[in-house]
K.L.:
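A single structure is presented below for examination.
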Amino acid sequence: IGTSKSIFWVAAILPGIGLIFFGYKYILTTLFFSAFVVTSAISFVFLPRFIHTKYCCDDNGSFLGHLGGALFVGIIFGALARWLFRVGVFGVGAMLGLLVAIVALCTPLKDTSTLKGPGAFMAFYLLLMVIGGSATLFAKK
């Protein structure tokens, strides 16, 4: 792993380390802080390339302005990651429902007269995906 790509490995490693120390009970807090730290670090490095103001990242700009901009981006992305957690949980459940639908269609259910045409198969897939996603959201509570 080169040093130029190490920041991207941190994005993958940091949530795992947080879960090791804080566990599933604090997953939303861990997710917020992981997204906060990673996006703050990335924006601290790349912010001067995109924003040039007298307060932030210009040659005459202050370090506190630069740091404040990076922390602001980190807070926004941390809150967004926490808000999107439920969407991710639903997506995991939906994929589980799709897996159940595919396994169910490997049985004689595929040959019955109840599922005729591609629309019926798509409806079957979607129904089990919604059931799986809803079940994971219910089980998460």
K.L.:
What is the distance from atom CG of L80 to atom CD1 of I75, rounded to the nearest 0.5 Å?
P.N.:
13.5 Å
K.L.:
With a 6.0 Å cut-off (strictly less than), is the heavy-atom count around CZ of F77, excluding the residue itself, greater than 12?
P.N.:
no
K.L.:
Go through the structure and list residues passing side chain to side chain contact (heavy atoms under 4.5 Å, CB included) with L127, not counting sequence neighbours.
P.N.:
I131
K.L.:
Using the rule that Ile, Leu, Val, Met, Phe, Trp and Tyr join whenever any side-chain heavy atoms are under 4.5 Å apart, tell me whether V73 and V38 fall into a single cluster.
P.N.:
no
K.L.:
When M129 is tested against each of L99, L98, V100 for side chain to side chain contact (heavy atoms under 4.5 Å, CB included), which residue passes?
P.N.:
L98
K.L.:
Checking one residue: F72. Which other hydrophobic residues are in its cluster under the side-chain 4.5 Å linking rule?
P.N.:
I76
K.L.:
Indicate yes or no for a side-chain donor-acceptor contact from S40 to the backbone of V37 under 3.5 Å, with no hydrogens or angles considered.
P.N.:
no
K.L.:
Show the nearest heavy-atom pair for residues G74 and T39, with the distance to one decimal.
P.N.:
CA-OG1, 3.3 Å
K.L.:
Evaluate the side-chain contact (heavy atoms from CB on, under 4.5 Å) criterion for residues I102 and Y125: first the C-alpha distance (whole Å), next the side-chain angles of each, then the deciding distance (0.1 Å), finally the verdict.
P.N.:
CA-CA 8 Å; I102 291 170; Y125 289 144; 4.3 Å; yes
K.L.:
Can you tell me how the ring of F36 sits relative to the ring of F33, calling it parallel under 30°, perpendicular over 60° and tilted otherwise?
P.N.:
perpendicular
K.L.:
Hey, any chance F85 and V87 share a hydrophobic cluster, counting ILVMFWY side chains that come within less than 4.5 Å of each other, even indirectly?
P.N.:
no
